[in-house]
Amino acid sequence: MAKSGSVALIGRPNAGKSTLMNRWLGEKLSIVSDKPQTTRRRIVGILSEPRGQLVFYDTPGIHRPIHRMNQQMMRFTVEALDDADVVALLVDVSEAPGKGDAFTLDLVRRSKSPKVLLLNKIDLVKKEKLLPRIAAYAAEAMFTEIVPISARDGDGAERALGVLWGLLPEGEPAFDRELLTVQTERFLVAERIREKVLERTRDELPFATAVLIERWEEVPEKDLVRIAAVLLVERSSQKPILVGKGGERIRDIGTAARLDLEGYLGKRVYLELFVKVEPGWREKQEVLAEIDRNAEAVDLDPA
């Protein structure tokens with residue numbers, strides 16, 4: 001009988017969870033950047049093939065939550081950890097282990113599901129440095145298997161995927177086999193716009209920025225969609241950074257986002273971007289609720 005189940009991709013910020021899920025899906029679903037905390041909620045990716053259906057939960061990186069938004073992010077991660085049939089912990093082996101890694105191990109240890117350790121970014125370390133890390137994690141005696149991988153170049157990725165398939169229960173697909181995700185198109189569009197902001201800003205600005213889709217108008221006769229999006233920042237001093245001299249940066253963000261969205265949506269896109277100062281939005285429940293409405297997915301429990 002075919003396999004059917006879910007795998008939670010868990011790890012510290014920048015461990016490579018989104019890159020790996022995108023590779024396995026063969027599609028860019030989760031946005032990727034070199035900034036920590038790029039993923040802010042559970043992203044559901046659905047892989048359907050002859051072996052069955054595997055549902056990935058790409059989760060926010062485990063970190064110490066400071067703002068209400070970060071507390072919400074950690075809630076998404078813990079919920080995915082509790083819901084999943086299998087837990088895949090990603091560890092960036094190019095970074096020395098620290099207190100955050102110990103906390104992450106303790107969190108994962110609480111799960112009753114089978115656990116797999118994926119040691120990512122092996123392309124950045126020498127084998128003699130990798131072997132002691134493997135031995136140390138093996139001593140934890142909590143992982144069904146430890147697989148060294150490189151999410152970036154694909155080394156070990158297929159082997160790791162095979163291990164996950166082997167741990168899934170038998171069952172019928174939970175979702176339509178044609179689905180790639182349950183996230184809304186509006187959410188995925190907002191995420192792609194935010195990706196361009198992350199690529200073109202620095203320091204604290206990526207953490208203090210959110211994207212809200214305010215208007216979405218389909219024009220079928222012109223094969224066109226008109227989108228208006230608001231870029232939220234927390235302080236008035238951040239607005240000119242995002243706008244840039246003479247509006248240069250916001251135009252650059254808009255052009256890059258429009259080209260990306262045209263490829264993603266398969267139609268022409270007219271994109272308007274506006275910058276709005278919303279002091280302390282990361283602490284405001286009403287703003288976070290509005291972001292949630294933009295990101296609302298279909299029911300994660302089809303039953």
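One-based numbering along the sequence shown. Bear in mind that the values here come from a model prediction, so they are computed numbers and not experimental data. Because only heavy atoms are used, hydrogens play no part in the values below, and waters and symmetry mates are left out as well, while side chains stay in.
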For this session: For D123 and S150, run side chain to side chain donor-acceptor pair (under 3.5 Å): C-alpha distance rounded to whole Å, both residues' side-chain angles, the deciding distance at 0.1 Å, then the answer.
Result: CA-CA 6 Å; D123 51 308; S150 170; 2.9 Å; yes

For this session: Please test R235 against V277 for side chain to side chain contact (heavy atoms under 4.5 Å, CB included), starting from the C-alpha separation and ending with a verdict.
Result: CA-CA 6 Å; R235 297 195 299 272; V277 179; 5.6 Å; no

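Ring geometry, W24 versus F56: the interplanar angle falls under 30°, so the pair is classed parallel (tilted spans 30 to 60°).
Salt bridge E248/R251: absent, no basic N to carboxylate O contact under 4.0 Å. In this structure, R282 pairs ionically with E234, as a charged nitrogen and a carboxylate oxygen lie closer than 4.0 Å. Under the 4.0 Å criterion applied to side-chain N and carboxylate O atoms, E95 and R12 are not assigned as salt-bridge partners.
A donor and an acceptor atom, one from each side chain of N70 and Q37, are located under 3.5 Å apart. In this structure, a donor-acceptor pair under 3.5 Å is absent between the side chains of Q53 and S4. Side chains of S30 and D58: a donor on one and an acceptor on the other come within 3.5 Å.
Residues K121 and S94 share a closest heavy-atom pair of CD-OG, 4.0 Å. The shortest non-hydrogen separation linking P13 to I62 is CD-O, 3.1 Å.
Rounded to the nearest 0.5 Å, atoms CD1 (I10) and OG (S111) are 8.5 Å apart.
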